[in-house]
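Heads up, the thing below is written out as structure tokens.
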Amino acid sequence: MILPVGPGSLPGRCDMRLISWFGVILLLAGLAQPVPAAAGAPAVVDAALLERLSVGRVDFWVEFSARADLSAVHSLDWFRRGDAVIALLQQTADSSRAGLIPILQKYDLAWQPFFVNNSVYVEQGSLESALEIAAVPGIARLRLPETLPVARLFRFPLQTVTPQGEVNWSLADTGALDFWGAYGQGQGAVVASIGVGPQWTHPAIAGSYKCASDPSNPACWYDPSGECSEPCDPLGVNLGTAAISIMTGSDDPALPFTVGMAPEAKWISCRACSTYACSEPDILACAQWVLAPGGEPGNRPHIIEAHWGGQGGNDWLLTIIQAWVAAGIFPTFPVGGSGPGCATIGSPADYASVFASTAHNVERLIAPFAGRGPSLMAPDLVKPNLSLPGVDLHVAVTGDAWQMYSGTSISNAHTGGAAALLVGCDPSHSYNPQRLFDLMQETADTPPPGNCGAPPGSDGNFTYGYGYLNLVAAGAEGCGQPEYSLALHPERTEAVGHPGGIVTYLVGVENTGTSDDTYSPWWSGTWNVTLDPEGDLAVPAGETIPLLVQVAIPGDAADGAEDVLTVMLTSYGNPAVTVSVELTTTARWHRQFLPLLQR
């Protein structure tokens, strides 16, 4: 949530009035409880839905209990990992829906499937259809859809004299300015903003739009409502433009303000909130799109920033967040503006797998409006994760303008920009969201005690998290410019086998670099090949692991037939590092082959 303030305002009192005035982005505290069996309806049908259906047709969700097992994808490289996540999610969803589709067709119902959380959105279903659907095996719940309101922004007029090149205090507070000189400005990183669309032509963010030359490209922009063919904010809500300007805003000194954390990173966006509220179907459409923008998993971002959320303790987004993380995406959400009370962090910021950002002012004092821990979803963990600047900061807004705002959405955008800087300095962070968590938390400046306690034995607390972001320290730990290199040591490069047989080669894979690395194997040849282990190979720096290469000689291979197999391994830490070896296999019939076996 963003709470705008003007120069010289009193953030504490003003913010609390604005919270009361505009409201916080909320989900309902708890979804309706299932109807008791005695009421004559299946227990999976929520009471609120049953009540609505008793008087007429209504849209509702069908949620399945089956979940895809994504544990094996973490060893894959970036591209195959994205493909695998989607394939597994789709396979589970297709299997779950098999018994549902005939019922939907029977009642001629319009429906929209979502593999990202294994659910189906049914439009204008009847009581009769819902009760029949509820009897399908594997259905966890039928419920009414939710709506997440977006906080409207209170706008103060800008200064009559526009400055030039004024730098937000947050860039010094986080260490971003010093990071730029040592480790770069986020080159190669891609962030996605999900929520209110941005004015992509704003001078602060136009240059960092990934598809600036083709603004309607579906690989960079999606609006489930169909209202905007290119990034837009027709209602002037400003959350999208503001957040993106904080993450990737230009550092051109000719602009009035320098606000962007990672000016060389690129952004894409999905418009989940087409009005002053965000519908669940639009949120899920964006959550699914971001796994494969434009239908291609390789287009997915490294970081997702979202500027909406709900009341804490709600797990409805948990499976979606887990899918993002499995795909190697770092998710960051604001804690929300329900402070200063304790246990006021919203969902999904209160999930263990989400980076939760709280807000402090120029004096590093926690903002009065910022939500506090403990988390209702993970009460034993430090939440929020970190405190970042979020009070009295200039941001880009629609109409090529600039304004000053406060809010945890602003601090959250700083987290998105910080993650982009770390991915830019070392691409290996792009497939390890937990590494980004650890880098920022373990190098943070020590926090003050706060007012809501802390988990036992923890270095952080429930007010400031692990402390204040220190990008200089994080860069020293995570941007050491490691050397990525490898060597292949085949035990032999030529072998003979009989048609229908299998020839095995042993190849040592040595990490000769200075950093742990993962290698992606590829091969080209005519005969069938099996690698053991399958998939990517994780090799610590300085160590060697064995790779078995098995070549199956075709049963109809002619005597003397030969196949030259090229096995290639590519470093994930530095994709420019590729090493290959050629293995030549010859087919021989038994009488000629026996002497060779005795060598």
Side-chain angles (χ1 to χ4, degrees), residues 72-84 87 296-298 426-428 430-431 482-599:
V73 306
H74 297 279
S75 62
L76 301 176
D77 65 64
W78 175 260
F79 295 99
R80 286 189 291 171
R81 185 172 178 172
D83 290 335
E296 174 52 59
D426 185 346
S428 69
S430 65
Y431 63 94
E483 176 188 347
Y484 295 101
S485 61
L486 73 149
L488 299 180
H489 306 290
E491 189 176 67
R492 57 178 176 170
T493 58
E494 298 180 352
V496 177
H498 62 83
I502 294 176
V503 171
T504 300
Y505 298 89
L506 176 63
V507 180
V509 180
E510 181 185 7
N511 183 346
T512 56
T514 60
S515 178
D516 297 349
D517 203 356
T518 299
Y519 305 119
S520 176
W522 301 90
W523 61 90
S524 61
T526 304
W527 296 343
N528 289 335
V529 175
T530 302
L531 302 184
D532 184 15
E534 296 180 352
D536 293 348
L537 290 82
V539 186
E543 296 189 15
T544 301
I545 67 169
L547 173 65
L548 294 180
V549 182
Q550 295 183 318
V551 180
I553 303 175
D556 59 354
D559 183 52
E562 185 177 275
D563 182 62
V564 178
L565 169 70
T566 301
V567 177
M568 300 168 286
L569 276 84
T570 300
S571 162
Y572 201 80
N574 181 1
V577 175
T578 299
V579 177
S580 64
V581 62
E582 288 189 350
L583 306 175
T584 303
T585 305
T586 304
R588 292 292 185 191
W589 292 103
H590 287 287
R591 184 171 297 179
Q592 297 167 300
F593 180 57
L594 285 174
L596 296 173
L597 285 175
Q598 298 169 356
R599 290 184 180 179

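Heavy atoms only: backbone and side chains are in, while hydrogens, waters and symmetry mates are out. As the structure is a prediction and not an experimental result, all values here were calculated from the model.
Considering all non-hydrogen atoms of both residues, Ser485 and Thr512 come closest at OG-OG1, 2.7 Å. Annotation for Asp536 and Ser520: closest pair OD1-CA, 3.5 Å, computed over non-hydrogen atoms. Looking at every heavy atom in both residues, Pro499 comes nearest to Arg588 through CD-O, 3.4 Å. Taking every heavy atom of both residues into account, Gly82 and Pro297 meet most closely at C-CB, 3.7 Å. In plain terms, the two heavy atoms of Tyr484 and Ser571 that are nearest each other are CB-OG, 3.7 Å. The two atoms that bring Arg80 and Gly535 nearest to each other are NH2-C, 4.2 Å, heavy atoms only.
Judged by distance alone, with hydrogens and angles left aside, the side-chain atoms of Tyr572 form no donor-acceptor pair with the main-chain N or O of Ala538 at under 3.5 Å. With Asp563 contributing its side chain and Thr526 its backbone, the two residues share a donor-acceptor pair below 3.5 Å. In this structure, the side chain of Thr585 does not engage the main chain of Ala495 through any donor-acceptor pair within 3.5 Å.
Distance check: Ile545 CD1 to Glu510 CD gives 11.5 Å after rounding to the nearest 0.5 Å. Atom CG of Leu569 sits about 11.5 Å away from atom CG of Asn511, to the nearest 0.5 Å. In this structure, Leu76 CG and Glu534 CD are separated by 10.5 Å, a value rounded to the nearest 0.5 Å. Between the OG1 atom of Thr504 and the CG atom of Leu583 there is a distance of 11.0 Å, given to the nearest 0.5 Å. To the nearest 0.5 Å, atom OG1 of residue Thr586 and atom CG of residue Asp559 are 10.0 Å apart. The CD atom of Gln550 sits 12.0 Å away from the CG atom of Leu565 when rounded to the nearest 0.5 Å.
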Stepwise side chain to side chain contact (heavy atoms under 4.5 Å, CB included) test for Thr493 and Glu582: CA-CA 7 Å; Thr493 58; Glu582 288 189 350; over 6 Å; no
Which is it for Val551 and Trp523 under the side chain to side chain contact (heavy atoms under 4.5 Å, CB included) test, yes or no, and what are the steps along the way? CA-CA 11 Å; Val551 180; Trp523 61 90; over 6 Å; no
Evaluate the criterion side chain to side chain contact (heavy atoms under 4.5 Å, CB included) for residue pair Val549 and Leu531; output intermediate values, then yes/no. CA-CA 5 Å; Val549 182; Leu531 302 184; 3.8 Å; yes
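At a threshold of 4.5 Å between non-hydrogen side-chain atoms, the residues Ile553 and His498 do not count as touching. Considering only heavy atoms from C-beta on, Tyr505 comes within 4.5 Å of Arg492 through its side chain. Counting only heavy atoms from C-beta outward, the side chains of Pro490 and Leu506 never approach each other to under 4.5 Å.
Trp527 pairs by the ring-ring contact (aromatic ring centres under 6.0 Å, His included) definition with nothing, not counting sequence neighbours.
The residue from Val579, Thr544, Leu537, Val567 that alone fulfils the side chain to side chain contact (heavy atoms under 4.5 Å, CB included) condition with Val509 is Leu537. In summary, of the residues considered (Thr570, Val539, Leu488, Leu547), a side chain to side chain contact (heavy atoms under 4.5 Å, CB included) with Tyr519 occurs for Val539 alone.
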